[in-house]
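None of the values given here were measured: they were computed from a predicted structure. By convention here, the first residue in the shown sequence is residue 1.
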Amino acid sequence: MKQSFPKCNQSDMEFVISTNEKQQEEVRFLSGDFPVSVYTQHYRHAASDYVPLHWHGELQVLWIAEGALEYSVNGRHFVLGPDKLLLVNRRQLHGSRTMDGDTRTLCINFTPDIFHPLIRENYVLPLLQSDSFTHSLLLLLPYQTEKLKTFLNWKCEPLQYFSVINFLSLVFEDILGSGGNTKNPQDYEEIKLIQTMIRFVQTHYSEPLTVRQISDHAITNKNRCTALFRKYTGLSPIKYLNEYRLYTAKNMIVNSDKPISEISADVGYNQISYFIEQFRGSYGLPPLKYRNQFGRRQLETDASAVSVARQNKISG
């Protein structure tokens with residue numbers, strides 16, 4: 001299981017997103033009878049938090065409560081801020097990163113099963129099954145923004161369930177009324193190829209991979225391999241490999257006490273000096289200083305200090 005980074009909160013329970021070896025996100029629903037997940041994410045810009053390319057079998061609505069994100073869906077890149085709502089269709093490769101400051105998002109993952117069968121079969125599924133529909137960006141009206149704010153502190157209460165289903169129904173009404181806003185059919189052969197190559201990189205990142213090895217695994221040529229990586233990730237295959245190595249190392253650094261030299265070797269760097277140089281270039285700090293500032297123990301210490309300060313304020 002690979003862990004993504006922005007810390008998530010659902011009904012006062014903190015967790016981190018997990019993906020399997022196929023880059024599929026493991027979605028946790030509010031209950032087995034209600035296929036909806038409502039949670040917030042907090043991206044720390046100073047820590048270079050980001051979500052790498054992944055997909056899930058569920059739909060996702062995402063709103064930026066604070067800050068902004070650079071977002072990508074199947075190779076299409078755009079800036080997402082508080083004035084827009086993003087709906088991502090099922091099984092689409094998407095990822096995000098901060099731009100110039102901390103960012104807080106609201107995510108709602110759900111399946112079409114939340115809708116009445118008549119609406120689901122005649123309206124929702126035909127849209128979702130369209131080759132041209134990958135995502136939709138909606139300009140938010142003030143009342144919609146106010147409704148989204150009420151979901152930031154989600155409580156598992158009957159009225160909240162009713163409220164979120166009603167909101168998602170209105171989202172689909174807007175999208176269906178506008179005919180969706182992605183017009184170009186998707187090349188599923190391309191998407192399958194890039195998913196295969198990304199999966200290969202994420203499985204074998206600790207090995208000394210070459211572009212030839214990556215392209216051979218997907219039974220394609222080096223030129224097409226490089227072109228697809230640039231289209232869907234914005235990076236060359238080797239730059240993507242190195243970024244993923246450093247991303248994996250970052251997770252190890254903040255979530256364990258493992259020596260930096262071992263982490264360097266685990267993610268495929270034979271020379272620790274080169275690893276430290278590359279890590280500093282990506283995250284602004286050498287690995288040990290990064291651990292001291294953003295590691296699990298430091299976050300627990302900070303949380304404890306805040307709790308003590310609150311108690312002192314109450315008792316004072």
Exercise. For the pair I238 and F229, evaluate side chain to side chain contact (heavy atoms under 4.5 Å, CB included) and give the outcome as yes or no after the intermediate values.
Key: CA-CA 9 Å; I238 299 305; F229 265 91; over 6 Å; no
Quiz prompt | Derivation and outcome, ring pair (Phe, Tyr, Trp, His ring centres under 6.0 Å), residues F172 and Y123 | solution = CA-CA 9 Å; F172 270 88; Y123 299 101; over 10 Å; no
Self-check item: Partner of N109 under side chain to side chain donor-acceptor pair (under 3.5 Å), chosen from Q60, H56, E58
Solution: Q60
Quiz item: With distance as the sole test, does S264 use its side chain to make a donor-acceptor pair with the main-chain N or O of I260 at under 3.5 Å?
Solution: no
Exercise. Output yes when a side-chain donor or acceptor of E146 lies under 3.5 Å from a complementary backbone atom of Q144, and no otherwise.
Key: no
Practice problem: Would you indicate whether F115, at its atom CZ, is surrounded by more than 12 heavy atoms from other residues, nucleotides or ligands within a distance under 6.0 Å? | Solution: yes
Practice problem: Answer yes or no: are there more than 12 heavy-atom neighbours, outside I219 itself, under 6.0 Å from its atom CD1? | Solution: no
Quiz item: Looking only at heavy atoms, what is the nearest atom pair of Y283 and A47, with distance?
Solution: CD2-O, 3.9 Å
Quiz prompt | Which atom of M197 lies closest to which atom of T220, heavy atoms considered | solution = SD-CG2, 4.2 Å
Exercise. Indicate the atoms forming the closest heavy-atom contact of P208 with R245, along with that distance.
Key: CA-NH2, 4.0 Å
Quiz item: Looking only at heavy atoms, what is the nearest atom pair of I276 and P286, with distance?
Solution: CG2-CB, 4.1 Å
Self-check item: Any donor-acceptor N/O pair, T150 side chain to K147 backbone, under 3.5 Å
Solution: yes
Self-check item: Closest non-hydrogen atom pair, N89 against L128
Solution: ND2-O, 2.9 Å
Self-check item: Heavy-atom closest pair, residues R104 and T40
Solution: NH2-CG2, 4.1 Å
Exercise. Sequence neighbours left out, what passes side chain to side chain contact (heavy atoms under 4.5 Å, CB included) with D216? Give chain and number order.
Key: R212
Quiz item: Is there a side chain to side chain contact (heavy atoms under 4.5 Å, CB included) between D266 and K258 once you walk through the steps?
Solution: CA-CA 11 Å; D266 286 346; K258 202 170 190 177; 2.4 Å; yes
Quiz item: Once the angle between the rings of Y205 and Y244 is folded into 0 to 90°, is it parallel (under 30°), tilted (30 to 60°) or perpendicular (over 60°)?
Solution: perpendicular
Practice problem: Can you establish whether the number of heavy atoms outside D100 located under 6.0 Å from its atom CG is more than 12? | Solution: no
Quiz item: Hey, would you say the Y290 and F279 ring centroids sit under 6.0 Å apart?
Solution: yes
Quiz item: When you check the side-chain N and O atoms of E70 and Y50, is any donor under 3.5 Å from an acceptor?
Solution: no
Quiz item: Are Y240 and Q202 linked by a side-chain donor-acceptor pair shorter than 3.5 Å?
Solution: yes
Quiz item: If you round to the nearest 0.5 Å, how far is NE2 of H135 from CG of L59?
Solution: 14.0 Å
Exercise. Report the residues that fulfil salt bridge (Lys or Arg N to Asp or Glu O under 4.0 Å) with R224, sequence neighbours left out, ordered by chain and then residue number.
Key: E189
Exercise. State whether the side chain of H45 and the backbone N or O of Y43 hold a donor-acceptor pair below 3.5 Å, judged by distance alone.
Key: no
